[in-house]
**Student:** 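Right, I'll just put the structure down here and ask away after.
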Number of protein chains: 2
Amino acid sequence: MADILQQPEQGATRAEAVLKQLQTAIVQGELAPGSKLIEAELARRFGTSRGPLREAIRDLQARRLVRTTPNAGARVASLSAQELAALYETREALEGMAARLAATRMSVEQIDELETLLEQHAVRIRSDQGVGYYQEEGDYDFHFRIVHGADNPVLANVLLDDLYQLMRMYRYRFSVGSGRADRALEEHFRILEAIKDRDGELAELLMRRHIGAAGSRLKNETTQDTQNTPITKE
Amino acid sequence: MADILQQPEQGATRAEAVLKQLQTAIVQGELAPGSKLIEAELARRFGTSRGPLREAIRDLQARRLVRTTPNAGARVASLSAQELAALYETREALEGMAARLAATRMSVEQIDELETLLEQHAVRIRSDQGVGYYQEEGDYDFHFRIVHGADNPVLANVLLDDLYQLMRMYRYRFSVGSGRADRALEEHFRILEAIKDRDGELAELLMRRHIGAAGSRLKNETTQDTQNTPITKE
DNA sequence: AAATGCGGTATTGTCGACAATTTAGGCTTG
DNA sequence: CAAGCCTAAATTGTCGACAATACCGCATTT
């Protein structure tokens, strides 16, 4: 039980382990958007050679968390307000679709489990414990289950692997949704109701609104300082 | 004008060049779905070392054209009928969204250009020349412009980089849409009309139908032999 | 004869060194 | 003083070799 802070072993291959560590470093904001990723430096930090690190960077590029230009290296993605809006727009369409499909494809067991999950959330929020928890993991968990309930592997891949990490990254920075947990939970319950009724059309509509609300709040928070300039530090 | 067949130089870096060559080899079916990608062999073939080749494979993995399992190598993606349906389902949602957005965001110049493009297609089809061309490049071109007209970089990225190549790969194999060029063109014109009217809702509906039709035809072609088994050769 | 363990071979994962390219700073030059 | 070149440092791209792992055929055992 020696090294809890440093747990360097994860994943089958070294490249995978580096990928995970690097991804969390980016998502949690330790590596600021726009900052340069120097291969040699990161390789030293993660105790590996440049080979696996390079592969990790390429994976992150696919997930839109970094951008690389040939011969000039990689930088942490830095989304402009416009791109951030585009991200939410796309998410709205995809998760709306997920909700519609989930309404017809989720099993009753899955629906039951989702309901108990939401009830647990309700308890947590009423007791004012874990508000932060709810916003992070709980919200993610709800959307995650909807996407899985849609039973569409392509959709799941695009949303969970590609787009979600990007949003988590920016959610971190603004701590989006402060004090909106109860409202969000209410919306989650409504979506659940629509799914229980097997009303795909309604579920899609509610989900789109739910995400649209989050997107417009995000827009307000960003446009106060930046209008077209990237949201970055360096 | 010596080597037209073999033009080994493409892209700024070797990995990029390999990526393009390998991707076309896969999309055109030269490397059958399910077949194994042996790094040493491909490296020899493309006249490079395993390093750049490895990076190309990782890029293709992000585009869902290959699947890798740690320590066991990469194989050309082999979609089951179910996954293929999921692919079209997702495309339907995304391109529907693209059409809706394009209806409000495309400039009149862009719309004019799109109209002349379709008129050229009409001429080609009526004269019975280039039916094959239309189905391949022309159709792609139309959808490409709609996606760009939506002015949403995330959407464009997901559709064009990730999903489109996969579909081209399977379109090749079945030569989907044989003799449907005139019908497809008609549908394209209707979508254009909706965009000219700035009627996003209608444009979305028409686009979804347009793609849904292609998807169900594809489904018919595949379910005749395979129901749950992957569509592959080896 | 079927299952299981055991090599040997093929293939992938990782590393360190070298080549090519970009980047930064100083110097010259107009 | 500004602009442009030119060198040097830093960084990325590429390669070949070695280590680790998975795959395959064969012998052995029950």
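Just so it is clear: chains get the letters A, B, ... in the order the sequence lines come, proteins before strands, and each one is counted from 1. Keep in mind that this is a model prediction, so the values were computed, not measured.
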**Student:** Check this for me: does any side-chain nitrogen of one of Glu16(A) and Arg58(B) sit under 4.0 Å from a carboxylate oxygen of the other?
**Tutor:** no
**Student:** Let me know, please, whether Asn71(A) or Pro52(A) comes out on the 5' side of the other along DNA chain C by nearest nucleotide.
**Tutor:** Pro52(A)
**Student:** Check the distance between dA9(D)'s C1' and Glu41(A)'s CD and give it to me in whole angstrom.
**Tutor:** 16 Å
**Student:** By the 4.0 Å heavy-atom rule, please label Leu37(B) as base, sugar-phosphate, or nothing.
**Tutor:** sugar-phosphate
**Student:** Kindly say if Thr13(A) contacts the phosphate of dT12(C), meaning a side-chain N or O under 4.0 Å from OP1 or OP2.
**Tutor:** no
**Student:** What is the distance, to the nearest angstrom, from the CD atom on Gln61(B) to the C1' atom on dG13(C)?
**Tutor:** 15 Å
**Student:** What's the CG-P distance between Leu42(A) and dT12(D), to the nearest Å?
**Tutor:** 9 Å
**Student:** Specify the separation, in whole Å, of atom CZ of Arg54(B) and atom P of dA17(D).
**Tutor:** 17 Å
**Student:** Please report, rounded to the nearest Å, how far the C1' atom of dT21(C) is from the CD atom of Glu39(A).
**Tutor:** 13 Å
**Student:** Within this structure, what is the CZ-to-C1' distance between Arg50(B) and dA19(D), rounded to whole angstrom?
**Tutor:** 12 Å
**Student:** When rounded to the nearest 0.5 angstrom, what is the spacing between CG in Leu19(B) and CD1 in Ile57(B)?
**Tutor:** 10.5 Å
**Student:** Rounded to whole angstrom units, what separation is found between the CD atom of Glu55(B) and the C1' atom of dT14(D)?
**Tutor:** 9 Å
**Student:** Under a 4.0 Å threshold between the charged nitrogen and the carboxylate oxygen, would Arg45(A) count as salt-bridged to Glu30(A)?
**Tutor:** yes
**Student:** Contact class for Gly73(B) vs. all strands (heavy atom < 4.0 Å): base, sugar-phosphate, or nothing?
**Tutor:** sugar-phosphate
**Student:** Here's a test of your reading of the structure: between Pro70(A) and Ala74(B), which maps to the more 5' nucleotide of DNA chain C?
**Tutor:** Ala74(B)
**Student:** Tell me which nucleotide among dA17(C), dC15(D), dT12(C) gets nearest to the side chain of Lys36(B).
**Tutor:** dT12(C)
**Student:** State which of dT14(D), dT11(D), dT22(C) makes the closest approach to the side chain of Ala72(A).
**Tutor:** dT22(C)
**Student:** Just checking, any donor-acceptor pair under 3.5 angstrom between side chains of Gln23(A) and Arg63(A)?
**Tutor:** yes
**Student:** Can you measure Arg44(A) atom CZ to dG16(C) atom P for me and round it to whole angstrom units?
**Tutor:** 13 Å
**Student:** Can a side chain N or O of Thr48(A) be found less than 4.0 Å away from OP1 or OP2 on dC15(C)?
**Tutor:** yes
**Student:** Using every non-hydrogen atom in the two residues, find where Tyr170(A) and Leu79(A) come nearest and quote the distance to one decimal.
**Tutor:** OH-N, 2.7 Å
